[in-house]
Amino acid sequence: MDLVYWRNMRWTGVVFTGLVMCLASLFQLSAITVLSHVCLAIMCTTATLRLYYKLLEVLRWNPGVHPFQSYLDYDGSLTDEETVMLVEEVVLLVAFAVTEIKRLLFIENVIDSIKFVLLLYLLTYVGIATNGLTLIIAAVIAVFSLPLLYKKQQVRIRKVVRAFRAFVKKIRNLFDSLYEMVRPSAAPASKPAPPAAPAIKQKPKSK
């Protein structure tokens, strides 16, 4: 979150620029080549600093402090509980994804499957217009720009969202009223027929 909201300008700039440059270089080079060059660039920097500090130590201008000792002392290992929790989360996510895909592919719900088909159809056009690497670069730029933009322009964005929702609600009410006007009225229920009058019995005539 500190990187996304640019709370540390230097580190955010380094991370953002590095990500965009690495992803952009993948258009011309393979992922293995890019990873190798990035590691070589980092090692050239660290080796230069390490030799410089070693030279200072030989000249007795440095008490023998390692320039990257803080990074070496950092313990990034996981405890048993953290490992179990992480594995459980990954398993739950995979199981949920498999269940949802199975439910959509085998049409458990017709409406959801139709939505999934429409999404896949739209993705075919997206795949023709662009590729996955471009989408990843756009996603990285959006992650590092949209939260900060929303934080800076929060009041204005909320006003625009409220106005858009009011407009959509007005359009929906208009369509509902038109539908009510066009819809044929229900036929009046037929009244039940009045009960038949009882037949009058005639007395037999006396001779």
Using a 3.5 Å cut-off and no angle test, enumerate the donor-acceptor pairs between side-chain atoms of residues 13-34 and protein atoms at least two apart in sequence or in another chain.
{"residue": "Thr17", "atom": "OG1", "partner": "Gly13", "partner atom": "O", "Å": "2.7"}
{"residue": "Ser25", "atom": "OG", "partner": "Met21", "partner atom": "O", "Å": "3.2"}
{"residue": "Ser25", "atom": "OG", "partner": "Cys22", "partner atom": "O", "Å": "2.7"}
{"residue": "Ser30", "atom": "OG", "partner": "Thr33", "partner atom": "N", "Å": "3.4"}
{"residue": "Ser30", "atom": "OG", "partner": "Thr33", "partner atom": "OG1", "Å": "2.9"}

**Message:** I need the Ile171 CD1 to Lys169 NZ distance, nearest 0.5 Å.
**Reply:** 13.5 Å
**Request:** Rounded to the nearest 0.5 Å, what's the gap from CG on Asn173 to CD on Glu180? Could you check?
**Result:** 11.5 Å
**Item:** Qualifying residue for side-chain contact (heavy atoms from CB on, under 4.5 Å) with Asp112, from Val117, Leu104, Ile107
**Value:** Leu104
**Asked** Are any of the side-chain heavy atoms of Met1 and Arg7 separated by less than 4.5 Å?
**Response** yes
**Request:** Tell me whether Ile137 is reachable from Val143 by hopping between hydrophobic residues (I, L, V, M, F, W, Y) whose side-chain heavy atoms are closer than 4.5 Å.
**Result:** yes
**Prompt:** Does Phe106 belong to the same Ile/Leu/Val/Met/Phe/Trp/Tyr cluster as Phe96, with side-chain heavy atoms less than 4.5 Å apart forming each link?
**Reply:** no
**Prompt:** Do you know which two heavy atoms are closest between Ala142 and Pro147, and how far apart they sit?
**Reply:** O-CD, 3.5 Å
**Message:** Taking CD in Gln69 as the centre, count heavy atoms belonging to other residues, nucleotides or ligands within less than 6.0 Å. Is the count above 12?
**Reply:** yes
**Prompt:** Hey, are the side chains of Phe116 and Leu105 touching, using non-hydrogen atoms and a 4.5 Å cut-off?
**Reply:** yes
**Message:** What's the separation between atom CG in Leu118 and atom NZ in Lys115, rounded to the nearest 0.5 Å?
**Reply:** 10.0 Å
**Message:** Treating Thr46 as the side-chain partner and Met43 as the backbone partner, does any N or O pair qualify as donor plus acceptor under 3.5 Å?
**Reply:** yes
**Prompt:** Linking I/L/V/M/F/W/Y whenever any side-chain heavy atoms sit under 4.5 Å apart, do Phe175 and Phe167 land together?
**Reply:** yes
Run the side-chain donor-acceptor check on residues 82-92: report pairs under 3.5 Å with partners two or more places apart or on a different chain.
{"residue": "Glu82", "atom": "OE1", "partner": "Thr79", "partner atom": "N", "Å": "3.3"}
{"residue": "Thr83", "atom": "OG1", "partner": "Thr79", "partner atom": "O", "Å": "2.7"}

**Request:** Please say whether more than 12 non-hydrogen atoms of neighbouring residues, nucleotides or ligands are located less than 6.0 Å from CG in Asp80.
**Result:** no
**Fill in**
Rounding to 0.5 Å, atoms CG (Leu119) and CG (Leu123) come to a distance of 4.5 Å
**Asked** Are more than 12 heavy atoms from other residues, nucleotides or ligands located less than 6.0 Å from atom NE2 of His66?
**Response** yes
**Complete:** Between the CD atom in Gln153 and the CG atom in Leu148, the distance rounded to the nearest 0.5 Å is 10.0 Å
**Prompt:** Is there a path from Ile141 to Trp11 through hydrophobic residues (I, L, V, M, F, W, Y) whose side chains come within less than 4.5 Å of each other?
**Reply:** yes
**Asked** Counting distance only, does the side-chain N/O of Ser113 pair as donor-acceptor with the main-chain N or O of Val110 below 3.5 Å?
**Response** no
**Item:** Inter-residue atom distance Leu174.CG - Leu178.CG, 0.5 Å rounding
**Value:** 4.5 Å
**Asked** Passes side chain to side chain contact (heavy atoms under 4.5 Å, CB included), Tyr52 versus Thr48? Steps please.
**Response** CA-CA 6 Å; Tyr52 174 71; Thr48 303; 5.6 Å; no
**Asked** Which atoms form the tightest heavy-atom contact between Val126 and Leu135, and what is the distance?
**Response** CG1-CD1, 4.1 Å
**Item:** Single-linkage hydrophobic cluster, 4.5 Å side-chain cutoff, Val38 and Leu49 together
**Value:** yes
**Complete:** Correct closest heavy-atom pair for Ile111 and Asn109 would be N-OD1, 3.0 Å
**Asked** Parallel, tilted or perpendicular: which fits the ring planes of Tyr71 and Phe68, with parallel below 30° and perpendicular above 60°?
**Response** tilted
